[in-house]
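Report on the structure given below.
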Amino acid sequence: MNHWLVKTEPDVYSWERFVKEGRAMWDGVRNYQARNNLMKMKKGDKVLFYHSNVGKEVVGVAVVAGEHYPDPTAKEPGWAAVDLKPVKELQRPVGLDRIRSVPGLKDMLLLRHSRLSVIPVAAAEFRAILRISEAA
DNA sequence: GCCAACGTTGGC
DNA sequence: GCCAACGTTGGC
């Protein structure tokens with residue numbers, strides 16, 4: 001199983017709305033690297049849900065509920081969307097500065113490639129984020 | 001609101 | 001095919 005992180009601006013699409021709706025079509029990705037990552041997602045992969053711009057923190061965990069299909073919002077062919085479902089909200093959000101302060105997480109692509117919106121996450125990194133969210 | 005990083009576009 | 005100009009993202 002692979003792990004991922006997706007970014008969304010909460011003003012545009014928030015975790016709260018995601019939970020309320022129970023499912024999301026992750027569409028609108030118009031960056032090749034991000035698209036390639038989307039297309040590698042397998043059903044059951046776990047996904048960190050990150051609020052960019054406002055909050056700058058990981059707020060929850062989602063799961064890939066449906067693998068990629070052509071993005072219906074794209075004018076050109078070749079873009080992809082996946083379906084995500086919420087799994088759980090983090091006990092407390094894990095902020096970007098917190099992540100940056102952890103030596104083992106310094107190499108996360110989230111930090112090193114800050115403009116990518118669909119990012120692979122190592123299993124150990126994924127676990128570390130969850131552990132931080134559960135620490136007092 | 002500014003700016004750095006970086007991807008994309010288009011002229012040559 | 002190179003590279004300058006431009007657009008977008010996202011942290012600060």
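Note on naming: letters A, B, ... go to the chains in the order of the sequence lines (proteins, then strands), and numbering restarts at 1 for each one. Hydrogens, waters and symmetry mates are skipped; everything else that's a heavy atom, side chains included, is used.
The hydrophobic cluster containing A/Met108 does not contain A/Val47, counting ILVMFWY residues as joined when their side-chain heavy atoms lie under 4.5 angstrom apart, directly or transitively.
One can place NE2 of A/His113 at 13 Å from P of C/dG11, the figure rounded to the nearest angstrom. Nucleotide C/dC12 holds its C1' atom 11 Å from the CG atom of A/Asp97, rounded to whole Å. Here B/dA5 presents its P atom at 15 Å from NZ of A/Lys7, a figure rounded to the nearest Å. Rounded to a whole Å, the CG atom of A/Leu111 is 14 Å from the P atom of C/dG10. Note: CG (A/Leu96) to P (C/dC12) measures 6 Å, nearest angstrom. The separation between A/Asn53 atom CG and B/dC3 atom C1' is 14 Å, rounded to whole Å. Between the CG atom of A/Asn31 and the P atom of B/dT9 there is a distance of 11 Å, rounded to whole Å. Between A/Trp79 atom CH2 and B/dT8 atom P the separation is 7 Å, expressed in whole Å.
For A/Arg100, the listed nucleotide lying nearest its side chain is C/dC12; candidates were B/dG7, C/dG10, C/dC12.
Not less than 6.0 angstrom separates the ring centroid of A/Trp4 from the ring centroid of A/Phe49.
Annotation: of the two residues near DNA chain B, A/Ser114 and A/Tyr32, the 5′-most nearest-nucleotide partner is A/Ser114.
At the phosphate of C/dG11, OP1 or OP2 sits under 4.0 Å from a side-chain N or O atom of A/Tyr50.
Using modelled atom types, no side-chain atom of A/Asp83 and backbone atom of A/Ala65 make a donor-acceptor pair closer than 3.5 Å.
No side-chain donor-acceptor contact under 3.5 Å links A/Arg98 and A/Ser133.
Across all strands shown, A/Lys56 has heavy atoms under 4.0 Å from base atoms, whether or not it also approaches the sugar-phosphate.
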